[in-house]
Amino acid sequence: MGIGNQEAIRQMQSLMENVDEQLKNTFQNMHQGCPTGSYIQFLKARDWNVEKAHKMLVDCLKWRVENEIDNVLMRPIPADMYRAVRDSQLIGISGYTNEGLPVIAVGVGLSTHDKAPERYYVQSHIQMNEYRDRVILPMATKKHGRFIGTCVKVFDMTGLKISALNQLRLLTAISTIDDLNYPEKTDTYYIVNTPYVFSACWKIVKPLLQERTRKKIQVLQGCGRDELLKVMDLASLPHFCRKESSKSSRHNNAASTTENCFSLDHAFHQELYNFMKQQQAAVRDQSIAAPMRQGSFHVDIPEPDPDDARIARTIETQLHRPPRRSQLNAL
């Protein structure tokens with residue numbers, strides 16, 4: 001790390017000494033004993049501009065306080081709604097890379113986000129972020145004896161269609177939360193099983209992305225098995241990447257529910273939900289806070305970054321274009 005970057009970190013640390021105690025407390029909960037890692041992530045997100053990075057971090061901390069994010073893991077979604085969310089917001093952790101980074105799999109193409117109220121999808125996404133940052137990454141850091149503050153994501157585009165436009169508002173809201181409050185948490189994005197509709201949009205969107213983001217994205221051929229096995233072992237490979245003939249990342253594909261990291265029966269989701277239930281029970285038993293109703297959570301969605309809003313409009317325009325006759329079958 002260069003001298004300039006080290007100075008930027010020092011300045012961030014100095015500025016954070018002047019924020020109020022409430023913000024300091026939520027910052028401690030956020031960085032889990034590794035404040036330098038958080039400074040670096042916010043600095044990277046603002047191209048190492050200290051003033052902008054500090055403002056971004058303070059805005060994030062205020063958002064956490066105002067929306068009680070520190071308590072979100074004490075508020076499990078009701079069981080029936082949680083199953084509905086898991087069936088239609090396909091995401092999970094399949095394992096770890098050879099370097100110890102969590103592998104987060106996302107079924108972009110087959111996620112419908114139509115079986116539960118939108119607030120539950122947002123709540124579930126934030127809960128996964130918080131569990132990753134407060135539990136998964138600290139465990140990986142301890143295991144490997146070095147700071148691990150990022151993950152890799154594998155996006156499965158199987159089944160992506162023009163109807164994905166119906167989800168764009170919700171997905172933009174979730175993306176905005178990530179961009180502003182969980183920046184630079186992904187080391188690499190791997191995109192697999194890409195249909196025509198993705199390829200068409202990618203040609204338009206790619207030039208609009210910041211160079212820092214473009215460098216993180218790798219569009220792989222087919223299911224990406226061979227390339228991904230260079231960075232993780234077979235056991236950590238998402239189920240939809242394990243064979244070229246895979247046609248679906250839904251629960252009824254060839255993978256069992258224990259192998260399918262999207263399934264509620266997968267070990268990760270069971271551990272996450274049990275953790276939240278235990279946290280909720282501990283609060284009630286110890287009377288350390290007012291009783292919390294299950295699922296009682298609302299979060300304010302920050303205004304999207306202008307560049308992100310422009311990209312969303314571009315995607316919407318692209319998806320609204322009528323396909324050429326030769327492309328209809330591909331859609």
Side-chain angles (χ1 to χ4, degrees), residues 1-17 24-50 53-54 56-57 60-61 64 69-70 73 91-106 126-155 178-179 181-190 211-218 224 227-238 241 261 267-268 271-272 275:
M1 185 179 299
I3 295 176
N5 291 350
Q6 292 177 349
E7 175 61 19
I9 294 170
R10 189 197 65 76
Q11 291 179 29
M12 284 284 285
Q13 182 177 9
S14 178
L15 289 170
M16 286 301 296
E17 292 175 355
K24 287 180 180 178
N25 290 337
T26 195
F27 184 50
Q28 289 177 352
N29 206 23
M30 185 176 82
H31 66 60
Q32 292 292 306
C34 298
T36 299
S38 292
Y39 295 146
I40 290 173
Q41 285 162 347
F42 279 85
L43 283 164
K44 283 183 176 179
R46 291 296 178 260
D47 297 319
W48 292 89
N49 182 302
V50 174
H54 178 251
M56 183 185 186
L57 177 53
C60 166
L61 298 179
R64 292 181 66 87
I69 301 301
D70 289 343
L73 291 178
I91 186 170
I93 292 181
S94 62
Y96 296 83
T97 68
N98 299 334
E99 295 182 349
L101 278 63
V103 178
I104 298 180
V106 186
I126 293 174
Q127 286 171 334
M128 287 194 67
N129 281 354
E130 291 294 308
Y131 188 73
R132 174 198 64 197
D133 293 352
R134 296 195 220 173
V135 179
I136 299 294
L137 291 175
M139 285 195 306
T141 294
K142 183 177 180 180
K143 177 180 178 180
H144 292 274
R146 59 181 177 80
F147 176 69
I148 294 178
T150 59
C151 62
V152 301
K153 291 185 177 179
V154 185
F155 289 165
D178 282 356
D179 290 346
N181 301 293
Y182 303 93
E184 297 296 318
K185 301 296 291 190
T186 303
D187 184 75
T188 308
Y189 299 89
Y190 297 102
E211 183 180 1
R212 182 182 68 254
T213 301
R214 282 201 305 271
K215 288 180 176 179
K216 292 183 177 183
I217 299 174
Q218 296 188 32
E227 289 300 313
L228 290 173
L229 285 176
K230 296 176 182 178
V231 297
M232 68 187 73
D233 60 25
L234 182 62
S236 294
L237 202 66
C241 296
C261 62
F268 167 73
E271 291 167 4
L272 169 56
F275 179 87

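It should be emphasised that the depicted structure is a prediction, and the values quoted were computed from it without experimental measurement.
- In this structure, Thr36 OG1 and Gln6 CD are separated by 10.5 Å, a value rounded to the nearest 0.5 Å.
- No donor-acceptor distance shorter than 3.5 angstrom exists from the side chain of Ser236 to the backbone of Thr97, with no hydrogens or angles considered.
- Side-chain contact check for Tyr39 and Gln11: no donor-acceptor pair (N or O, by modelled atom type) lies under 3.5 Å.
- Residue Leu137 comes nearest to Lys185 through the heavy atom pair CD1-NZ, 3.9 Å, listed as atom of the first residue, atom of the second, then distance.
- Interatomic distance, OH of Tyr96 versus NE2 of His144, reported as 8.5 Å (0.5 Å rounding).
- For the atom pair Asn98 CG and Leu229 CG, the distance stands at 9.5 Å (nearest 0.5 Å).
- Here the CE atom belonging to Met16 is positioned 9.0 Å from the OG atom belonging to Ser38, to the nearest 0.5 angstrom.
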Can you list the steps and then say if Thr141 with Gln32 is a side-chain contact (heavy atoms from CB on, under 4.5 Å)?
CA-CA 11 Å; Thr141 294; Gln32 292 292 306; over 6 Å; no
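- Scanning both residues, Thr150 and Pro102, for their nearest heavy atoms gives O-CD, 3.5 Å.
- With respect to Arg214 and Glu211, no salt bridge is recorded, no charged nitrogen being found less than 4.0 Å from a carboxylate O.
- When atom types are taken as modelled, the side chain of Arg64 and the backbone of Phe27 share no donor-acceptor pair closer than 3.5 angstrom.
- In this view, Thr186 and Cys151, Lys153, Tyr189 satisfy the side chain to side chain contact (heavy atoms under 4.5 Å, CB included) rule, not counting sequence neighbours.
- Taking 4.5 Å as the limit, some side-chain heavy atom of Leu43 sits within range of a side-chain heavy atom of Ile9.
- Closest heavy-atom contact between Leu237 and Ser94: C-OG, 4.2 Å.
- In this structure, Glu17 CD and Lys24 NZ are separated by 7.0 Å, a value rounded to the nearest 0.5 Å.
- Considering all non-hydrogen atoms of both residues, Tyr182 and Asp133 come closest at CD2-OD2, 3.4 Å.
- Applying the ring pair (Phe, Tyr, Trp, His ring centres under 6.0 Å) rule to Phe147 yields no partners; only residues at least two apart in sequence or on another chain are considered.
- Using a 4.5 Å heavy-atom threshold, the side chains of Met128 and Phe268 count as touching.
- In this structure, Asp47 contributes its side chain and Asn49 its backbone to no donor-acceptor pair below 3.5 Å.
- Side-chain contact check for Leu57 versus Met30: some heavy-atom pair is nearer than 4.5 Å.
- Side-chain atoms of Gln41 come within 3.5 Å of backbone N or O of Gly149 as a donor-acceptor pair.
- Contact of the Phe42 side chain with the Cys60 side chain is registered, since non-hydrogen atoms from C-beta on lie closer than 4.5 Å.
- Ser14 contributes no side-chain N or O that, together with a main-chain N or O of Arg10, makes up a donor-acceptor pair within less than 3.5 Å.
- Looking only at side-chain heavy atoms (C-beta outward), Asp187 and Lys216 stay at 4.5 Å or farther from each other.
- Within the 4.5 Å cutoff, the side chain of Trp48 has heavy atoms near those of the Ile40 side chain.
- Here the side chains of Val231 and Val152 are not in contact, with every heavy-atom distance at 4.5 Å or above.
- A search for side chain to side chain contact (heavy atoms under 4.5 Å, CB included) contacts involving Leu15 returns Val50, His54, not counting sequence neighbours.
- Classification of Glu99 and Arg146 as a salt-bridged pair fails, no side-chain N sitting under 4.0 Å from a carboxylate O.
- In this structure, CG on Leu228 lies 8.5 Å from CD on Gln218, to the nearest 0.5 angstrom.
- Side-chain atoms of Asn29 and Thr26 form no donor-acceptor pair, as typed in the model, at a separation below 3.5 Å.
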